[in-house]
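I have placed the structure first, in the form of structure tokens, so that the comments after it can refer back to it.
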Amino acid sequence: MLDIRRIRTEPEVVKAALARRGVGAAEVDHVVELDARQRALASERDDLRNRIKSLSKRVGALHKDGNADEAGAVQAESRALGEREHELAEEAGAIGASIRDLLLSIPNLPHPDAPDGAGDADNPVLRVVGFDPDGYEAHQRIPHWELGPTYGILDNERAVKISGAMFTMQRKGGATLARALVQYGLDRNADQYEEVRPPSLVSTETLTATGQLPKFADDAYSMAHDDLWAIPTAEVPLTSIHRDEIVDIAELPMKFMAASSCFRREAGSAGRDTRGMLRTHEFDKVEVFAYATPEQAPDLLQDMVARTEATIGALGLAYRTLEICTGDMGQSHHRSFDVEVYAPGTDQWLEVSSISWFADYQARRGNIRYRPGTGGTAMVHTLNGSALAVPRVWAALVETYHRADGGIDVPEVLLPYFRGQTRIA
RNA sequence: GGAGCGGUGGCAGAGCGGACGAAUGCACCGGUCUUGAAAACCGGCGACCGAAAGGUUCGAGGGUUCGAAUCCCUCCCGCUCCGCCA
């Protein structure tokens with residue numbers, strides 16, 4: 001959510017920033033217009049309330065003096081004002097609600113340094129690490145959706161029987177690999193991040209704070225009987241840990257990490273990149289998250305990117321890092337980077353991490369504040385990133401570590417999680 | 001799910017129709033004193049909207065009233081007991 005005061009005082013700046021994302025100005029103009037009306041009504045309403053208050057005090061005083069007649073007259077006057085006040089309050093409230101609805105749908109402003117672009121094709125590649133296109137053998141060029149069933153470590157046919165299309169099931173070493181990656185992802189960040197095991201089902205309010213609602217309700221699973229949604233990422237509950245609180249500036253930055261299942265309906269993407277483990281309705285992910293001051297945020301963002309790169313690199317996988325251009329940013333993003341891993345069998349760069357700085361966009365939705373020390377309160381900044389998203393890393397590992405003589409090796413850094421085994425299969 | 005009790009400022013906790021944005025204590029921030037600190041004493045101290053005047057805010061939303069933290073209704077949350085359960 002953008003700051004309404006900013007929209008009010010510099011609408012042209014806001015519109016120009018939104019234009020970089022390809023977003024039109026109609027909503028901004030509408031907000032400005034509604035805001036002016038709302039404030040005029042509120043002012044009139046407040047004036048009436050003030051008069052009603054003074055009249056009521058006089059009624060009390062008059063009764064005390066035994067002057068019942070005059071008290072009755074004042075009561076009648078106050079009652080009339082009250083009717084008008086009620087109308088004004090209702091109208092102002094309704095306009096206020098539409099303003100909020102509009103604000104919730106307007107995306108965040110991109111960072112000045114974020115590259116301009118129309119879509120994902122315009123995301124600049126910042127660096128490519130460990131990639132040699134000719135460095136892969138024929139046995140590494142077999143996609144994981146073939147290797148998986150061959151070695152009995154991926155059983156999607158039965159996952160579909162159990163739950164439907166786009167669900168996966170890992171077995172034996174494949175299941176161990178999925179769980180090992182979760183543990184590994186947490187261990188890589190335990191030096192600085194507090195581990196959290198958050199709820200997987202959250203309220204509408206919680207899902208609204210991060211930006212999934214109201215606009216992207218179709219992308220999330222919801223419970224029929226309760227006001228609950230299945231989380232699409234641990235970012236959602238982590239962001240709401242301090243919702244509606246004023247956090248102590250001395251504790252910033254506050255860093256959390258969590259492993260969770262992530263649930264996504266993937267509405268509209270059926271049949272796209274859905275083979276094997278590429279896109280599934282449920283997957284595991286380790287997420288890192290921080291509340292920070294605006295000053296702390298840029299360095300934290302870079303640190304999160306560096307951590308993810310190191311985590312992937314240590315697995316012996318090739319990866320590349322892209323910055324997300326204005327045309328490809330998520331609604332809540334201020335500045336964003338993706339890390340993609342190379343899967344030789346699939347022969348694709350697979351997005352395994354998205355690391356983003358949200359500025360105060362989510363904090364305003366969630367009312368998460370701190371005291372900057374210059375008087376008053378300010379919204380915190382939020383950042384988060386995938387430390388390790390399991391399925392695509394799983395795919396890249398299985399393909400990369402497939403051996404010429406059969407079998408799949410366990411990457412060295414994952415050996416501690418494999419109960420003494422050195423083979424995934 | 002049923003019964004009972006309860007939700008008030010950062011925390012604890014009074015108030016239960018009329019000057020209540022709300023006593024008191026703790027915490028916090030200034031000051032006096034002190035070499036410094038503690039103690040003591042003095043003063044300050046919620047948030048939100050608004051340029052200001054002013055308004056909002058006692059779990060949320062409705063209602064009664066000239067006037068609601070206080071009365072009524074609905075909902076949400078917590079605690080205790082019962083039921084069910086990994």
Side-chain angles (χ1 to χ4, degrees), chain A residues 1-11 31-104 197 199-209 223-229 237 240-252 254 261 291 360 363-380:
Chain A
M1 199 154 74
L2 300 179
D3 186 353
I4 182 115
R5 277 168 294 199
R6 180 117 192 255
I7 295 177
R8 186 153 66 217
T9 53
E10 41 190 25
V31 167
V32 170
E33 183 192 317
L34 288 177
D35 177 54
R37 269 176 62 199
Q38 200 276 139
R39 289 168 63 207
L41 287 170
S43 164
E44 203 180 329
R45 176 204 63 198
D46 287 356
D47 190 54
L48 281 173
R49 283 179 177 171
N50 184 16
R51 286 162 65 191
I52 291 169
K53 261 192 171 176
S54 352
L55 289 177
S56 296
K57 283 179 184 173
R58 261 183 67 201
V59 172
L62 288 168
H63 275 303
K64 212 170 163 188
D65 297 346
N67 197 342
D69 287 352
E70 201 178 335
V74 176
Q75 278 177 29
E77 189 186 348
S78 178
R79 191 182 300 126
L81 291 179
E83 279 166 26
R84 177 75 185 131
E85 186 274 341
H86 197 78
E87 287 169 21
L88 285 170
E90 208 154 283
E91 200 180 341
I95 294 175
S98 359
I99 292 174
R100 183 172 165 84
D101 286 348
L102 277 170
L103 286 177
L104 285 175
R197 179 40 258 235
S200 304
L201 302 181
V202 300
S203 67
T204 293
E205 215 182 339
T206 296
L207 202 60
T208 302
M223 307 298 131
H225 301 295
D226 300 286
D227 172 30
L228 289 171
W229 304 76
S240 276
I241 287 180
H242 288 288
R243 196 179 68 227
D244 292 320
E245 293 182 24
I246 300 176
V247 301
D248 186 351
I249 189 173
E251 304 206 14
L252 294 175
M254 300 172 82
S261 290
Y291 294 110
D360 59 5
R364 187 166 291 106
R365 294 168 89 101
N367 192 30
I368 310 161
R369 295 167 292 167
Y370 73 108
R371 298 180 199 280
T374 51
T377 60
M379 298 295 167
V380 302

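In this text, all values refer to a predicted model and were calculated from it rather than measured experimentally. Residue numbers begin at 1 in each chain, while the letters A, B, ... track the order of the sequences.
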Would you tell me if any nitrogen or oxygen in the side chain of [X] comes within less than 4.0 Å of OP1 or OP2 on [N]?
| X | N | result |
| --- | --- | --- |
| A:Arg371 | B:A47 | yes |
| A:Arg51 | B:G54 | no |
| A:Arg79 | B:C66 | yes |
| A:Lys57 | B:C20 | no |
| A:Thr377 | B:C48 | yes |

*Around atom CD of A:Glu245, are there more than 12 heavy atoms of other residues, nucleotides or ligands at under 6.0 Å?*
yes
Please determine, for the side chain of [X], which listed nucleotide ([options]) has the closest atom?
| X | options | value |
| --- | --- | --- |
| A:Asn50 | B:G50, B:G55, B:C66 | B:G55 |
| A:Arg49 | B:A47, B:U56, B:A19 | B:U56 |
| A:Ile246 | B:A47, B:G54, B:A19 | B:A47 |
| A:Arg39 | B:A51, B:C49, B:A19 | B:A51 |
| A:Ser78 | B:G50, B:C66, B:G54 | B:C66 |

What's the [atom1]-[atom2] distance between [X] and [N], to the nearest Å?
| X | N | atom1 | atom2 | answer |
| --- | --- | --- | --- | --- |
| A:Gln38 | B:G55 | CD | C1' | 12 Å |
| A:Ile4 | B:G50 | CD1 | P | 9 Å |
| A:Lys53 | B:G18 | NZ | P | 15 Å |
| A:Leu55 | B:G18 | CG | P | 19 Å |
| A:Glu44 | B:G50 | CD | C1' | 16 Å |
| A:Glu85 | B:G67 | CD | C1' | 12 Å |
| A:Asp244 | B:G46 | CG | P | 20 Å |
| A:Ile249 | B:C29 | CD1 | P | 14 Å |

Which base, if any, makes a Watson-Crick or G-U wobble pair with [N], both distances under 3.5 Å?
| N | result |
| --- | --- |
| B:G78 | B:C5 |
| B:G50 | none |
| B:A68 | none |
| B:G43 | B:C29 |

*Which residue, A:Arg45, A:Arg49, A:Arg51, forms the side-chain hydrogen bond (donor to acceptor under 3.5 Å, both in side chains) with A:Glu85?*
A:Arg49
*Syn or anti for B:U57, please, going by whether the chi angle lies within 90° of 0.*
syn
*Give A:Ser56 one of three labels, base, sugar-phosphate or nothing, depending on what nucleic acid heavy atoms sit under 4.0 Å from its own.*
base
*asked:* Tell me whether A:Arg6 is salt-bridged to A:Glu10, with the criterion being a basic N under 4.0 Å from an acidic carboxylate O.
replied: yes
